[in-house]
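Residue numbers begin at 1 in each chain, while the letters A, B, ... track the order of the sequences.
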Number of protein chains: 2
Amino acid sequence: MKKIDILKKLRSSGLRPTKQRVEIAKFLFEREKTFHFTVESLDKLLAKKTTSKFALATIYNTIHAFKAAGHLSEVEVKGKKTYFDTNISNHHHFYDSENSELIDIEANEVVFQKLPKAPNGKKIKNVEVFINLKN
Amino acid sequence: MKKIDILKKLRSSGLRPTKQRVEIAKFLFEREKTFHFTVESLDKLLAKKTTSKFALATIYNTIHAFKAAGHLSEVEVKGKKTYFDTNISNHHHFYDSENSELIDIEANEVVFQKLPKAPNGKKIKNVEVFINLKN
DNA sequence: AATTAGTTTATAATAGTTCTAAAGTGAAAA
DNA sequence: TTTTCACTTTAGAACTATTATAAACTAATT
Ligand SMILES: [Mn+2]
Ligand SMILES: [Mn+2]
Ligand SMILES: [Zn+2]
Ligand SMILES: [Zn+2]
């Protein structure tokens with residue numbers, strides 16, 4: 001993803017391409033593979049990889065803006081920190097608790113032979129599979 | 001589960017059957033169906049259903065002791081509160097975000113036709129399925 | 001250039017949880 | 001029984017992740 005696309009992506013989501021948003025967006029989205037992170041880990045990586053300074057609140061604001069715009073998804077992981085995911089497609093995860101690492105599983109890698117039907121009056125919104133790993 | 005069983009359960013886990021632990025254990029384990037709760041919800045229910053008073057720290061202590069003893073499991077749910085579960089068997093969940101309610105799915109209700117194999121050097125510890133509901 | 005609505009920032013506030021250390025209690029020993 | 005002491009409860013402080021606040025700044029429009 002090129003710089004021009006980053007700008008388009010922000011603009012089309014109603015987000016002004018500010019210095020911080022562009023830097024964060026480049027860091028998050030100009031990569032081949034899915035990136036899973038917490039705000040804390042992102043903060044450290046940005047400090048290491050860029051010259052700009054980012055208030056923590058700005059990182060939170062920006063991440064939430066990206067999430068609201070559909071550019072990021074949130075993944076629920078054991079522990080109190082919130083994880084975000086640059087893969088916004090419907091997919092599943094391995095979780096390696098040794099190093100708190102999430103690994104993507106594409107949706108078509110999981111097929112069900114049997115699934116319960118939703119309780120009365122409810123419908124299934126989506127199904128998430130979590131595969132916990134050990135060594 | 002009778003009172004004598006509660007006492008046995010506590011003793012066999014190295015937990016002294018104090019007034020608070022017995023009351024909490026009776027409240028949690030003397031029931032037919034699985035009970036999912038947060039510390040906050042448990043606190044409110046105990047206040048309503050018992051005459052004793054419980055410091056929040058005692059509820060946390062007790063729940064963690066039960067969890068460490070294998071009498072409770074923890075379920076990861078979106079949001080910042082930790083959920084606990086009286087069902088300690090391997091099982092799955094529906095999650096109804098309308099009312100933040102978890103519903104058990106027994107392990108045999110879910111059968112996989114295809115599952116990815118663990119990454120190199122890793123093994124699968126367990127698989128958790130989360131079915132999010134909508135109306 | 002002037003305006004203004006949106007953004008960043010430092011800092012305060014909040015929420016859930018864990019820690020602390022003093023007072024209380026259960027159960028083994030005397 | 002009474003004594004003893006490790007374990008437990010408790011109120012409140014501390015902690016951690018996150019969100020709110022409001023002043024200073026900036027991008028885009030005029
Ligand atoms: Mn979590
Ligand atoms: Mn959670
Ligand atoms: Zn992912
Ligand atoms: Zn359950």
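Residue B/Gln20 has a polar side-chain atom (N or O) positioned under 4.0 Å from OP1 or OP2 of D/dT10. Side-chain N/O atoms of A/Thr38 include none lying less than 4.0 angstrom from OP1 or OP2 on D/dA17. Phosphate proximity of C/dG16 to B/Lys81: present, with a side-chain N or O under 4.0 Å from OP1 or OP2. Between B/Arg16 and C/dA27 there is no side-chain polar atom (N or O) within less than 4.0 angstrom of OP1 or OP2. Applying the 4.0 Å criterion to OP1 and OP2 of D/dT18, one finds that A/His64 has every side-chain N and O outside that range. Checking the phosphate oxygens (OP1, OP2) of C/dT17, a side-chain nitrogen or oxygen of B/Thr82 falls inside 4.0 Å. Distances shorter than 4.0 Å separate some side-chain N or O of A/Tyr60 from OP1 or OP2 on D/dT18.
A salt bridge does not link A/Glu74 with B/Lys78: every distance from a Lys NZ or Arg NE/NH1/NH2 to an Asp or Glu carboxylate oxygen is 4.0 Å or more. A/Glu40 and A/Lys44 are joined by a salt bridge, as a carboxylate oxygen and a charged side-chain nitrogen come within less than 4.0 angstrom of each other.
Listed nucleotides: D/dT10, C/dT9, D/dA28. Nearest to the side chain of A/Asn61: C/dT9. Nearest to the side chain of A/Arg21, among D/dT9, C/dA27, C/dT8, sits C/dT8. In this structure, the nucleotide among C/dT17, D/dA11, D/dT9 sitting nearest to the side chain of B/Ala57 is D/dA11. Taking the side chain of B/Thr18 as heavy atoms from C-beta on, and the options C/dT9, D/dT10, D/dT8, the nearest nucleotide is D/dT8.
For the pair B/Leu42 CG and C/dT17 C1', the computed distance is 15 Å after rounding to whole Å. Whole-Å rounding puts the B/Lys80 NZ to C/dA13 C1' distance at 12 Å. In this structure, CG of A/Leu56 is placed 15 Å from P of D/dA20, rounded to the nearest angstrom. One interatomic measurement links the two molecules: NZ of B/Lys78 to C1' of D/dA17, which rounds to 17 Å at whole-angstrom precision. Between the CD atom of A/Glu74 and the P atom of D/dA17 there is a distance of 15 Å, given to the nearest Å. When rounded to the nearest whole Å, the span between CD of A/Glu76 and C1' of D/dA17 equals 13 Å. Taking atom CG of A/Leu15 as the reference point, atom P of C/dA5 lies 19 Å away to the nearest angstrom.
Ring planes of B/Phe66 and B/His71: perpendicular class, angle over 60° (limits at 30 and 60°). Under the 30°/60° scheme for interplanar angles, the aromatic rings of B/Phe35 and B/Phe37 are found to lie parallel.
Positionally, the nearest nucleotide of DNA chain D for A/Tyr83 lies more toward the 5' end than for the other of A/Tyr83 and A/Arg11.
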Q: With side chain to side chain contact (heavy atoms under 4.5 Å, CB included) as the test, would you mind laying out the steps for B/His36 and B/His93 before giving the verdict?
A: CA-CA 11 Å; B/His36 299 104; B/His93 292 97; 3.1 Å; yes
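The residue B/Lys19 sits apart from the nucleic acid: no heavy atom pair falls under 4.0 Å.
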